[in-house]
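Keep in mind that the numbers below use all heavy atoms, side chains included, and drop hydrogens, waters and symmetry copies. One is the number of the first residue; the rest follow in order along the sequence. Atoms within a ligand are numbered from 1 in the order they appear, just like the ligands themselves.
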Amino acid sequence: MKVAVVIPAAGIGQRMQADRPKQYLQLAGKTILEHTVGRLLQLPQLGQIWLALSAEDPYFEATSLAQQPKVTRVLGGAERANSVLNALHAIDAEQFPWVLVHDAARPLVHIADIENLLQQCFSTQAGGILATLVRDTMKRGDGASPLSKVDHTVSRQQLWHALTPQLFPTALLRDCLSQALAAGIAITDEASALEWAGHPVLLVPGRADNIKITQPEDLALARFYLEQQ
Ligand SMILES: Nc1ccn([C@@H]2O[C@H](COP(=O)(O)OP(=O)(O)OP(=O)(O)O)[C@@H](O)[C@H]2O)c(=O)n1
Ligand SMILES: C[C@](O)(CO)[C@H](O)COP(=O)(O)O
């Protein structure tokens with residue numbers, strides 16, 4: 001079955017402290033966005049990609065993706081969740097009953113991980129996300145300023161990093177996300193909306209090198225991982 005893919009790429013990359021949005025920074029000779037879309041273009045189950053871009057994006061036209069027929073552009077929104085919802089409203093849920101949402105800032109995702117996510121979710125007919133178990137001891141800060149102190153240690157049993165792609169029935173995700181945002185719920189990933197609405201979300205173990213390029217030091221790490229692949 002072919003799936004829709006939504007790639008939110010309308011962010012400004014503030015934490016990256018770069019001269020342009022991080023999805024347009026160079027990684028091994030092409031932009032991070034071109035790497036990410038290039039990965040998804042390899043997916044045999046790919047139907048079409050809906051790419052959410054900022055209205056003020058002056059960079060996309062200069063990429064190799066501007067002429068890519070598998071990419072449909074949609075307008076991004078104020079937050080990541082708004083960008084995703086804009087894309088979902090553009091998808092025919094009857095033509096594409098399932099949708100993968102994947103961050104533009106995660107260029108290192110492995111196709112094998114995505115295919116495993118698809119297989120696990122289709123076999124159980126439940127939505128799911130790629131995730132990786134936390135390895136470090138986790139602390140909750142007391143929020144004091146200028147220097148936080150430890151409030152308490154958080155048990156890391158069954159504590160996961162949520163990654164992307166996240167895979168859900170298209171109409172269900174669209175409706176849950178729309179209702180959660182209307183209710184003022186803070187949504188930082190698609191699974192949050194399904195959880196809020198009481199739907200199960202599978203945790204599918206994925207590779208820890210599927211990093212989200214977020215801070216300056218992440219670029220060197222991404223280069224290293226890319227060389228290892
Ligand atoms: N209004 C927004 C904000 C973010 N994103 C996208 O969502 C993904 C994950 O978001 P994040 O890593 O937070 O990217 P930025 O919002 O650009 O980063 P920052 O928070 O540092 O500004 C990125 O691919 C980003 O382009 C989006 O499509 N629309
Ligand atoms: C969707 C996500 O990548 C899962 O970890 C994460 O929530 C995105 O957060 P961001 O602050 O929008 O980068």
Contact check, H102 vs ligand 2, heavy-atom distance below 4.0 Å: no
Under 4.0 Å from a heavy atom of R80: which atoms of ligand 2 are those, numbered in the order shown and with their elements? 1 (C), 12 (O)
Is any side-chain heavy atom of L100 closer than 4.5 Å to a side-chain heavy atom of L43? yes
Out of Q17, K22, Q23, the nearest non-hydrogen contact to atom 14 (O) of ligand 1 is supplied by K22
Return yes when P21 approaches ligand 1 closer than 4.0 angstrom through a heavy atom, no otherwise. no
Quick one: does ligand 2 sit under 4.0 Å from the side chain of T164, the backbone, both or neither, non-hydrogen atoms only? side chain
Looking only at protein heavy atoms, which one is nearest to atom 28 (O) of ligand 1, and how far off is it? A10 N, 2.9 Å
N or O pair under 3.5 Å between L163 and ligand 2: no
Which residue from R106, M16, R80, Q14 reaches closest to atom 10 (O) of ligand 1 through any of its heavy atoms? R80
How close does the nearest protein non-hydrogen atom get to atom 5 (O) of ligand 2, and which residue and atom is it? A162 O, 2.6 Å
Is E79 close enough to touch ligand 2? Criterion: a residue heavy atom under 4.0 Å from a ligand atom. no
Distance-only N or O hit between ligand 2 and D103, under 3.5 Å: yes
Return yes or no for this condition: an N or O of Q166 is under 3.5 Å from an N or O of ligand 2. no
Nearest protein heavy atom with distance in Å, relative to atom 6 (C) of ligand 2: T188 O, 3.7 Å
